[in-house]
Amino acid sequence: MTTSARTDGTSSPGSTAAGTRPRLLLIDGHSMAYRAFFALPDTLVTSSGQVTNAVYGFFSMLTNLLRDEQPTHLAVAFDAGRVTFRTERFAAYKGNRDATPEVFRGQVPLIKEVLEALRVPALQRDGIEADDILATLARQGTEAGMDVLVCSGDRDSLQLVNDDVTVLYPKKGVSELARMTPEAVEAKYKVRPERYPDLAALVGETSDNLPGVPGVGPGVAAKWITQFGDLDSLLERRAEVTGKRGEALREHVDQVRLNRELNALLTDVELPLGVQDLALVGFDREAVHTVSDTLQFGALRDRLLAVDPAASDAEEDVVSAGVALALHQGALADFFAEHAGRVLGLDVSGTGGPGRADAWQVAVATDSADGSASAVVVDLTTVATDDERALASWLADDASSKVVHGAKVAWHLLAARGLDLDLGGVVCDTGLAAYLCYPDQRGYDLADLVVRHLHRELTVQEASAQGSLDLELAEGPPAGTEAAHRAVAVADLAEALAGRLDDRGARGLLDDVEMPLAGVLVRMEDAGIAADTGFLTELERGFADAVADSAAEAYAVIGREVNLGSPKQLQEVLFEQLGMPKTKKIKTGYTTDAASLQDLFTKTQHPFLAHLLAHRDAAKLRTTVEGLLKAVQPDGRIHTTFQQTIAATGRLSSTDPNLQNIPIRTESGRRIRRAFRVGAGNETLLTADYSQIEMRIMAHLSGDEGLIAAFRSGEDLHRYVGSRVFDVEPAEVTAEMRAKVKAMSYGLAYGLSAFGLSQQLGIATGEAQGLMDDYFTRFGGVRDYLAGVVEEARATGYTATILGRRRYLPDLTSDNRQRRQMAERMALNAPIQGSAADIIKLAMLGVQRELDERGLASRLLLQVHDELVVEVAPGEREAAEEVLRTKMGAAYALEVPLDVSVGAGETWHDAGH
DNA sequence: TCGTTGACGTA
DNA sequence: CGTACGTCAACGAG
């Protein structure tokens with residue numbers, strides 16, 4: 001979407017074509033947001049719990065206004081301060097209003113945040129209401145020869161209406177606005193707009209707690225005003241008014257005069273900005289993306305960006321003077337020769353993951369730094385031999401610099417066509433670069449990054465919608481145009497992100513950690529891990545039987561069959577049929593999670609609960625096994641995909657299937673690990689893991705002498721800490737004491753509260769608090785460190801790991817307590833979890849390099865956050881173990897040693913320890 | 001069919 | 001009212 005009808009539609013009511021008058025749109029922020037708040041459900045909420053209905057509704061409305069009204073100038077006014085000249089004059093003014101709900105108030109700063117991203121001024125002044133600001137600006141706008149639109153839910157604003165000023169008044173919700181022109185006002189109220197406050201003074205305004213003349217409604221009031229001309233004349237000649245209503249009027253003259261005084265809007269408020277300063281200058285598109293990320297705007301983000309007043313011009317540029325593309329088909333050798341020595345963008349079209357990928361098209365392009373780009377595309381399904389040879393040698397040549405968006409995926413795609421992409425030749429993976437710059441983003445789609453950083457659209461220009469039947473148009477752009485544009489975009493993006501990487505101190509991480517790591521991961525994914533399908537099938541049968549048995553027993557207890565996998569139906573059984581005590585409340589009722597069911601079981605001893613828990617357990621394991629069975633590929637191995645740009649802390653994640661959450665805690669679950677075996681022709685599986693790496697990092701980062709001493713002593717950590725906290729000899733630390741200390745030690749790295757600790761340990765909050773106090777007395781360095789982390793992050797805006805990996809946490813300064821505290825916990829955890837991720841990534845690089853240098857055939861298969869799994873080639877058992885121990889142990893020099901434990905076995909289960 | 005929710009597996 | 005993930009089944013809107 002880059003052209004729009006409006007650019008040539010001079011007849012459009014919102015046309016901004018030269019010669020038409022500037023249009024000033026003024027919005028009462030509070031009243032419109034408040035309308036939206038009540039119009040939209042409070043189920044509009046982000047995953048962090050922030051309700052966004054008012055924000056969402058407000059900007060949905062604003063989007064429509066920008067689209068339909070095409071203003072050239074825009075401002076939003078907010079009420080500020082509870083005391084205004086009106087309350088001073090009449091204490092009861094608006095005195096009947098309920099306190100604004102907290103959920104609404106919390107959203108006002110968010111609205112201002114988004115407005116800032118749109119570069120729209122938000123105006124407010126203490127003691128002044130938003131409508132007075134609007135009235136002042138409306139007057140200034142009219143004087144400056146502008147068409148003025150006032151959007152407000154306050155009827156007092158109707159007094160502003162004249163030939164140059166139209167009020168948009170919400171009819172229902174915020175989606176329908178009534179256009180109040182002078183004619184419309186007169187049609188509705190039977191008075192001219194300038195007389196509307198006279199009418200309102202007589203009728204009164206319930207919402208402002210201003211009583212009117214009893215028995216006088218808008219009809220009578222309008223009649224009087226028409227008859228006497230205006231309110232002043234009416235009041236002067238009030239004796240002439242007959243009947244009961246005349247009496248009432250005479251009795252309420254003072255109130256009417258007061259009403260009229262209060263409902264007059266100020267038109268001379270002093271403001272920091274004049275109307276000329278309100279020109280729409282275009283959005284800060286990057287800020288719009290950022291704020292849309294945090295508020296989790298989906299479609300609204302796109303709708304907003306689509307009405308960016310600056311974008312229409314920029315997009316015109318794309319169409320006319322954007323990327324002029326010289327597109328070649330084939331003749332790759334010539335292309336590479338012509339652009340030798342230049343960094344080229346590479347785009348591979350294909351589908352599928354490791355071992356099941358396929359690619360059909362490759363595009364290679366120069367950047368468009370000088371305004372034009374050159375690209376070549378080749379169809380891999382029909383490629384000529386000499387082209388294929390040229391492509392293969394360029395891809396495999398690490399001296400031919402290339403940039404790729406998602407090089408790891410590209411490697412798999414090309415490998416499926418027998419092409420080897422040497423990742424050493426990839427000088428920038430723009431996906432990884434973007435991830436390091438914005439680790440909290442949801443995704444790093446190329447098209448989104450192009451809009452954000454290159455300010456152009458990636459999708460190829462559609463011919464005009466109602467396009468002629470012109471043959472040229474019907475044929476569309478040449479084959480591979482889209483891919484070529486992507487390749488150009490990747491090349492451009494690499495340059496655009498370079499500065500950003502340096503700003504964020506992420507260049508070293510990209511070059512020395514993430515990009516080399518992609519090469520390691522690609523080999524791990526390509527290798528896969530051997531699976532014993534026979535054993536998996538056996539397991540599946542066993543778990544399926546357990547599911548059936550426990551279900552049957554559960555049904556027998558309650559006398560009917562329900563879907564035990566449906567939390568909704570379970571709630572009915574537990575809390576209605578069986579009348580059990582209610583558990584913790586969740587959105588959809590009461591939780592039926594395992595902890596709560598266990599709790600209920602200790603309280604009620606009801607056998608249904610035992611069967612239900614057994615059913616849950618078996619069902620979970622069964623589906624896990626089923627998933628694994630489906631993932632076994634023809635080579636008898638499971639090839640997971642390691643996601644390198646998902647976890648905001650820097651961890652990897654694993655998908656299709658997830659091999660980082662294979663059960664280990666219970667024996668029945670752990671059996672699944674027996675299905676992961678050493679591959680045929682290999683000697684054994686080796687697992688190596690860091691013991692207590694997060695606590696070691698805590699010791700290192702905090703510099704706490706007690707904790708450092710604990711690790712250097714070689715004593716069991718939790719026993720040592722327990723002896724200090726409980727003031728006993730290490731030998732006297734009981735299992736219970738050790739468990740408490742262990743839970744607390746780990747909890748601290750997550751921002752655990754005394755309440756949370758008490759819940760986990762099943763002790764009183766007071767006792768948990770005492771435990772934490774004792775802990776901090778003995779390990780003061782830890783307390784100081786944790787406090788310092790949050791403080792520093794609040795000041796700098798981000799946390800950092802030992803390698804300088806940053807996580808930006810803008811919510812640390814949020815006014816919203818829930819969001820702020822969430823951000824504080826993230827700030828506590830990110831340096832610890834992230835540093836652990838850094839260390840194991842360095843270890844993986846070290847291990848891979850050493851295996852290669854020693855010419856060993858053993859290979860890395862899996863990474864599970866603090867553990868590496870290696871498949872050992874025949875005769876390499878000792879060498880592989882030594883490589884793991886030394887390279888993992890020396891990955892990074894902490895103040896405390898990195899302890900590595902290694903195990904070997906035929907299966908993952910047996911290699912575990 | 002799609003997106004969301006609750007639940008639960010791992011570190 | 002403890003961080004970071006991915007997957008599944010159920011459910012309700014489309």
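In what follows, every heavy atom counts, from backbone to side chain, and hydrogens, waters and symmetry copies are set aside. Naming convention: chains lettered A, B, ... in sequence-line order (proteins, then strands); numbering from 1 in each chain.
Judged by distance alone with a 3.5 Å cut-off, a donor-acceptor contact links the side chain of A:Q760 to the base of C:dG2.
Remark: A:S566 is in phosphate contact with C:dC11, judged by side-chain N or O atoms under 4.0 Å from OP1 or OP2. Of the side-chain N and O atoms in A:R651, none sit less than 4.0 angstrom from OP1 or OP2 of C:dA4. Considering only side-chain N and O atoms, A:K568 lies under 4.0 angstrom from the phosphate OP1 or OP2 of C:dG12. Applying the 4.0 Å criterion to OP1 and OP2 of C:dC5, one finds that A:N661 has every side-chain N and O outside that range.
Rounding to whole angstrom units, CG of residue A:L659 and P of C:dG6 are separated by 13 Å. Note: CG (A:D866) to C1' (C:dT3) measures 15 Å, nearest angstrom. Rounded to an integer number of Å, the gap from A:E626 CD to C:dA9 C1' is 12 Å. In this entry the distance linking CD of A:Q863 with C1' of C:dG6 reads 15 Å, nearest Å. Per the geometry, NE2 belonging to A:H615 stands 12 Å off P belonging to C:dA9, to the nearest Å. Atom CD of A:E572 is separated from atom C1' of C:dA10 by 15 Å (rounded to the nearest Å). Going from atom CD of A:Q818 over to atom P of C:dG2 covers 12 Å, rounded to whole Å. Nucleotide C:dA4 holds its P atom 21 Å from the CZ atom of A:F642, rounded to whole Å.
In this structure, the separation between CG on A:L761 and CE on A:M744 is 8.5 Å, given to the nearest 0.5 Å.
Within 4.0 Å (heavy atoms only), A:A749 reaches no atom of the nucleic acid at all. No engagement by A:R622 is indicated, since no non-hydrogen atom pair under 4.0 Å with the nucleic acid exists. Residue-level contact check: A:R616 touches the backbone only, with heavy atoms under 4.0 Å from sugar-phosphate atoms and none from bases. Residue A:G756 is classed as a sugar-phosphate contact, given heavy-atom separations below 4.0 Å to backbone atoms only. Residue-level contact check: A:T624 touches neither bases nor backbone, having no heavy atom under 4.0 Å from any strand. A:A594 comes within 4.0 angstrom of sugar-phosphate atoms only, judged by non-hydrogen atoms across all strands, and of no base. Backbone-only contact: A:M822 has heavy atoms under 4.0 Å from sugar-phosphate atoms and none from a base. Counting non-hydrogen atoms under 4.0 angstrom, A:I664 reaches the backbone sugars and phosphates but no base. Counting any heavy atom pair closer than 4.0 Å across all strands shown, A:L652 reaches no nucleic acid atom.
Side chain of A:S566 to backbone of A:N563: no donor-acceptor contact under 3.5 angstrom is found.
Taking every nucleotide of DNA chain B with any atom under 4.0 Å from a non-hydrogen atom of chain A, the first and last of them, 5' to 3', are B:dT5 to B:dA11.
Counting only heavy atoms from C-beta outward, the side chains of A:I839 and A:L894 approach each other to under 4.5 Å. Counting heavy atoms from C-beta on, the side chains of A:L707 and A:M695 come closer than 4.5 Å.
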Inset, instruction - Check step by step if salt bridge (charged side-chain N to carboxylate O under 4.0 Å, His left out) holds for A:E538 and A:R671. - result: CA-CA 11 Å; A:E538 223 173 277; A:R671 288 170 60 206; over 6 Å; no
For residues 540-554 of chain A, which side-chain N or O atoms pair as donor and acceptor with protein atoms under 3.5 Å away, sequence neighbours left out?
from   : atom 1 : to     : atom 2 : distance (Å)
A:S550 : OG     : A:A546 : O      : 2.8
A:S550 : OG     : A:V547 : O      : 3.1

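The number of heavy atoms from other shown groups lying within 6.0 Å of CD (A:E736) does not exceed 12.
With distances taken from any side-chain atom of A:I646 to the nucleotides C:dG6, C:dG2, C:dT7, the minimum falls on C:dG6.
Taking a cutoff of 4.0 Å between a charged side-chain nitrogen and a carboxylate oxygen, A:D838 and A:R805 qualify as a salt bridge.
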